[in-house]
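Down below is the structure, laid out as structure tokens.
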Amino acid sequence: MSARVIDGKAVAERVRGEVARDVEAFVERTGRRPGLATVLVGDDPASAVYVGGKQRACKEVGIAPFDERLAANAGFDDVAGVLTRLGADPAVSGILLQLPVPEHLSGDKLTSLIAAEKDVDGLSAVNAGLLALGRPGLRPCTPAGVMELLATTGAQLEGAEAVVLGRSNLFGKPMAALLLAANATVTVCHSRTRDLAGVCARADVLVAAVGRPRMVKGTWIKPGAIVIDVGISRIPPEEAGNRSGLVGDVDFDAASQIASAITPVPGGVGPMTIAMLLRNTLAAAATQAETGATA
Ligand code: NAP
């Protein structure tokens, strides 16, 4: 079998188009434009690239971008002050604190200062709790992007065996909760799981988010499974077989002979994260417009 390759770029493009259209309808209806504030502390080049991408994406879909930058030696109170000001600003619908923050700061403590209704990353304790309880809230962007990709496969999630490799707060746990909410039978694996290969081989839907290049072998895949590769690792380009040197957690060449659908790396899950961030920002603006909440 040769798997269908799920085109994350195309799906992300479609989502961005929908958000752009819905943003204009929102502006027409409310007279207000959704706004997203990114907060970057320090000068880590990779973080600056991510923030730049988010700022550009906002402009493309008509979301007002707010770009807050603080020096690497900014104190907790400095960052907290910016987050509090943005929290009270009605023009700011969503706030994203770019992680990781410099070592002398606590990303967790700072994130907890962002009100749940502006937490467009969906990572605050309140939004994580709402997801765990199956109640409405802002969902973390990458797992929400995976659900969007799964929807394009037409996969029947209800009753399906879903296996999530990885249990991070950022991805694995919310991914498992979203699959459970879709009525899949969910197993979560981690570094202490016995017989990883055997558990994976049961999966109708396998979602890998470990960060170990090509760890998931073709023999771990159930024939006809849907394989979503979230992992991103950089290896020498000649080994990766592409110029970027980026590879996922799954041995793509082997797995694509056995799976029915599979995401590539790059170009699979990666492009979905910003698209879902934009969708979350619009959703946050809509909730705030309904409830009159600004913070
Ligand atoms: P993380 O916090 O490092 O978590 C990795 C998870 O993998 C942990 O639960 C760990 O288990 C598990 N693990 C590590 N080695 C393992 C092994 N040999 N066997 C089984 N499980 C193992 O990473 P993360 O933030 O969830 O991200 C995971 C990957 O996804 C990374 O490559 C990251 O770059 C990528 N990612 C991509 C996007 C995107 O495309 N936008 C977004 C988020 C993450 P323990 O809990 O037992 O330590």
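Index from 1, following the sequence. All ligand and atom numbering here is 1-based and tracks the order in the structure.
Looking at Leu196 against ligand 1, only its side chain comes within 4.0 Å, counting heavy atoms. If you look at Ile232 next to ligand 1, the close heavy atoms, those under 4.0 Å, come from the backbone and the side chain alike.
In the vicinity of Thr273, heavy-atom distances shorter than 4.0 Å reach the ligand 1 atoms 39 (C), 41 (N). Residue-ligand proximity, Gly166 to ligand 1, at heavy-atom distances under 4.0 Å covers atoms 6 (C), 7 (O), 9 (O). Heavy-atom proximity to Gly211, at under 4.0 Å, picks out these atoms of ligand 1: 29 (C), 31 (C), 32 (O). Shown in contact with Gly270 at under 4.0 Å from a heavy atom are these atoms of ligand 1, numbered in order with element: 40 (O).
Inter-residue side-chain proximity for Met175 and Ile228 is flagged as unmet; no heavy-atom pair is nearer than 4.5 Å. Taking 4.5 Å as the limit, some side-chain heavy atom of Glu68 sits within range of a side-chain heavy atom of Arg85. Side-chain contact between Ile221 and Cys200 is absent, with no heavy-atom pair separated by less than 4.5 Å. Between Val146 and Met272 the shortest side-chain heavy-atom distance does not fall below 4.5 Å. In this structure the side chain of Phe252 never reaches within 4.5 angstrom of the side chain of Asp229, judged on heavy atoms. In this structure the side chain of Asp121 never reaches within 4.5 angstrom of the side chain of Ile114, judged on heavy atoms. In this structure, the side chains of Cys58 and Thr38 stay at 4.5 Å or more apart for every pair of heavy atoms.
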Determine, stepwise, if the pair Glu238 / Arg243 fulfils salt bridge (charged side-chain N to carboxylate O under 4.0 Å, His left out). CA-CA 8 Å; Glu238 56 279 13; Arg243 265 193 293 166; over 6 Å; no

Residues Arg14, Glu18; criterion salt bridge (charged side-chain N to carboxylate O under 4.0 Å, His left out); working and verdict: CA-CA 6 Å; Arg14 194 251 298 151; Glu18 288 167 4; 3.2 Å; yes

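At least one heavy atom of Val230 sits closer than 4.0 Å to an atom of ligand 1. Remark: distances from the non-hydrogen atoms of Ala209 to ligand 1 include one below 4.0 Å. Proximity of Met215 to ligand 1 is established by a heavy-atom distance of less than 4.0 Å. Between Gly172 and ligand 1 there is no heavy-atom distance shorter than 4.0 Å. In this structure, Leu170 has a heavy atom closer than 4.0 Å to ligand 1.
Looking only at protein heavy atoms, the nearest one to atom 38 (C) of ligand 1 is Thr142 CG2, 4.0 Å. Scanning the protein for heavy atoms near atom 18 (N) of ligand 1, the closest one is Arg212 NE, 3.5 Å. The protein heavy atom nearest to atom 20 (C) of ligand 1 is His190 O, 3.2 Å. The nearest heavy-atom contact from the protein to atom 3 (O) of ligand 1 is Val210 O, 4.5 Å. Scanning the protein for heavy atoms near atom 46 (O) of ligand 1, the closest one is Arg167 NE, 2.7 Å. For atom 48 (O) of ligand 1, the closest non-hydrogen atom of the protein is Ser191 OG, 3.7 Å. For atom 4 (O) of ligand 1, the closest non-hydrogen atom on the protein side is Ser168 CB, 3.8 Å.
Sorted by first and then second residue, the pairs that involve residues 92-107 and meet side chain to side chain donor-acceptor pair (under 3.5 Å), not counting sequence neighbours, are Lys54-Gln98.
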